[in-house]
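Just so it is clear, the values below take in all heavy atoms, side chains as well, and ignore hydrogens, waters and symmetry mates. Numbering of ligands and ligand atoms starts at 1, following listing order.
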Amino acid sequence: MSNLSGKHISYWIDSTPTANFPPLSNNLSVDVAIVGAGIAGITAATLLKRAGKTVAVIESQQISNGVSGHTTAKVTSLHQLIYAELIKNHGEEKARTYAKSNQAALEFIAKTVTEEQIDCDFSRQSSYTFAETPNNLKDIEKEVEAALKLGLPATFVLETSLPFPIAGAVKFDNQAQFHSRKYLLHLIKQIPGDGSYVFEKTRVVKVEENELCQVITNEGVIQAKDVIVTTNIPITDEGLFFAKTYPKRSYIIGARIAERQAPVGMYIGTGEKYYSIRTTPDKDGLLLLIGGGGHQVGTVENTEEKYLDLENYARSRFDVESIDYRWSTQDFVSFDKLPYVGKLTPLSKHTFIATGFSLWGMTQGTLSGMILADKILDIENPAADLYDATRATPFISPQGIKQNLEVGSHWVGDRFKGLNQSLSDVAVGEGKLVTVDGDKVAAYRDETGKIHAVSAVCPHLGCVVAWNSGEKSWDCPCHGSRFSCNGEVLHGPTVKDLKKC
Ligand SMILES: Cc1cc2nc3c(=O)[nH]c(=O)nc-3n(C[C@H](O)[C@H](O)[C@H](O)COP(=O)(O)OP(=O)(O)OC[C@H]3O[C@@H](n4cnc5c(N)ncnc54)[C@H](O)[C@@H]3O)c2cc1C
Ligand code: FES
């Protein structure tokens, strides 16, 4: 099939061992059950265990192999362009709380790395958002002004160490980058023992809040006083977070370049089409990571083009010796730009969630873990109200309205769209929607010619899935659930596989 360059795996995963925790084998009881072992869940588990709680971390796949194992891992409060918009839409006080809480998350990571001497390639770096042409310069200038007003370490610069000219950039000093998986694997190792547990390959299918919460998994039941659901997008539908966010998929390549050419600092562009740039040390020297190509999950079939575009960009801007890695992942973007952190619904007393990190979850996931731990420990957190997960949801932004209309049209339109092709129309290496005896079938023909046929109807809320050629997966355009070509769940909100045909 593809002639794409690089190993098809995240560098963070390729360069670290797997954790190998057992699946749940007996029903048990803890103070707090934490569903999902990414940065949000592991941060919460770490803080709660430190405070003397017993915790059980329950992971359906493997520790830190989700979005947190596929990120770019910049640790910064400079979230491309955010502060001018936050001040405009939410006011200066709330924007300041956003700034402070993200800075606090950055410093929490820095302190944890120092205190626990975590070997995770953590380094202080400046963070830049740049405009390549004068078109976006006004936005950069506004961002500098807004950030300075909020007390952030911002300056306007005309030059960077990128090997191409820019029109201007906002620079934040004393930010950081790290190897997210090395950091998280260190933290998770400290959880088991003294009544606390970590389980992998244990899928939570339901959370019930009674006097004691019941966490129902495919391997047994865990009882807990409190439950934290940090599955990137909650697997519990009650809070409707799948409708308060949209799933954005994005692509990364790892390119080998000469060290003398490596830019210093972390970068992200602006405008319609932008790229994210940073380097990471690796065993052979330095890897340049370039990210971009973001789109709503399930709306692009030929995703191989996204990798080719990144490779072209890298080769046109840097002296690339080789492309060593390529991978992609997705995150949920909140319509009002603020993550949702707190109670699942206004009626929930003991079930908490965190989502909507908008591709900035290294700090936002960390601050979520901090807020949720504080909630359970009854400690006041100055940022808790801002991110309250039960706040009124503004569907008022033009983007939010457009998004919901698009979801609606996929939902209804796809159900009635005629699918006239049959299995024999599916070529080797290709995935197609076909009809078999009147049923909508998602069919993939592998390199040996074997057909893998599963139902095309997403078990979450019934939308029709779409083929993703770069990842060989079936992706749901409605709320971002993803499935392997054999129908196994890769990403929520669904907890069920596509039905086998
Ligand atoms: C391309 C890209 C680049 C990014 N780069 C950056 C960056 O440079 N800096 C930054 O700050 N942020 C970045 N982000 C965002 C950041 O990586 C994410 O916001 C963050 O990793 C999300 O963490 P999480 O804990 O919510 O999710 P995850 O890390 O996905 O963790 C959730 C876990 O829950 C598990 N799970 C799901 N369902 C179940 C179930 N039913 N039962 C049990 N477990 C379950 C999953 O397997 C997964 O391990 C980027 C995002 C993308 C898409
Ligand atoms: S993810 Fe909601 S319908 Fe598929």
Which is closest to [atom] by heavy-atom distance: [options]?
| atom | options | answer |
| --- | --- | --- |
| atom 5 (N) of ligand 1 | T230, I39, T72 | T72 |
| atom 14 (N) of ligand 1 | L359, I58, T363 | L359 |
| atom 43 (C) of ligand 1 | G361, S60, P339, G294 | S60 |

Inset, instruction - Check whether any heavy atom of A37 sits under 4.0 Å from an atom of ligand 1. - result: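 Contact present.
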Legend entry - Non-hydrogen atom of G365 closer than 4.0 Å to ligand 1: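 No.
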For [X], atoms of ligand 1 separated by under 4.0 Å from a heavy atom:
| X | result |
| --- | --- |
| W360 | 9 (N), 10 (C), 11 (O), 12 (N), 15 (C) |
| V35 | 42 (N), 43 (C) |
| G36 | 33 (C), 34 (O), 35 (C), 44 (N) |
| V495 | 41 (N) |
| M362 | 9 (N), 10 (C), 11 (O), 12 (N), 16 (C), 17 (O), 21 (O) |
| R203 | 41 (N), 42 (N) |
| T329 | 1 (C), 2 (C), 52 (C), 53 (C) |
| A40 | 25 (O) |

Legend entry - ND1 (H479) - atom 2 (Fe) of ligand 2 - ND1 (H460) angle, nearest 10°: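 Taking atom 2 (Fe) of ligand 2 as the apex, I get 100° for this pair.
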How does [X] reach ligand 1, if at all, at less than 4.0 Å between non-hydrogen atoms: by side chain, backbone, both, or neither?
| X | result |
| --- | --- |
| S180 | neither |
| I235 | side chain |
| Q330 | backbone |

Inset, instruction - Check whether NZ of the Lys or CZ of the Arg K111 lies under 6.0 Å from the centre of the six-membered ring of F108 and within 45 degrees of that ring's axis. - result: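 Cation-pi check for K111 and F108: fails.
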What about [X]: any of its N or O atoms under 3.5 Å from an N or O on ligand 1?
| X | answer |
| --- | --- |
| E59 | yes |
| G41 | no |
| N65 | no |
| N232 | yes |
| T71 | yes |
| D331 | yes |
| I252 | no |

Legend entry - Residue, atom name and distance, where the atom is the protein heavy atom closest to atom 3 (S) of ligand 2: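 Nearest neighbour among protein heavy atoms for atom 3 (S) of ligand 2, to 0.1 Å: L461 N, 3.2 Å.
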Do [Y] and [X] have ring centroids that are under 6.0 Å from one another?
| X | Y | result |
| --- | --- | --- |
| H295 | Y251 | yes |
| F242 | F332 | no |
| Y340 | F241 | yes |
| F122 | H179 | no |

Test item: side-chain donor near acceptor, [X] and [Y], under 3.5 Å:
| X | Y | value |
| --- | --- | --- |
| S276 | K74 | yes |
| D237 | H460 | yes |
| S328 | R249 | yes |
| Y387 | T97 | no |
| Q125 | Y267 | no |
| H8 | E471 | yes |
| S77 | N102 | no |

Inset, instruction - Kindly indicate, with the supporting measurements, whether the criterion side-chain contact (heavy atoms from CB on, under 4.5 Å) is fulfilled by I371 and L367. - result: CA-CA 6 Å; I371 290 173; L367 70 83; 3.8 Å; yes
Legend entry - Whether N468 side chain and W474 backbone form a donor-acceptor pair below 3.5 Å: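 It does not hold such a pair.
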Legend entry - Atoms of ligand 2 close to S481 [distance to a heavy atom under 4.0 angstrom, numbered from 1]: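 In order of number, 1 (S).
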Inset, instruction - Would you mind running through ligand 2 and noting each atom that sits below 4.0 Å from a heavy atom of C463? - result: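 Listed by number with element, the hits are 3 (S).
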Inset, instruction - Take atom 4 (Fe) of ligand 2 as the vertex and measure to SG of C476 and SG of C458; round to 10°. - result: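 Once rounded, the angle between the two atoms at atom 4 (Fe) of ligand 2 is 110°.
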Legend entry - Salt-bridge contact D336-R391 (side-chain N to carboxylate O under 4.0 Å):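 Judged by the 4.0 Å cut-off on N to carboxylate O distance, D336 and R391 do form a salt bridge.
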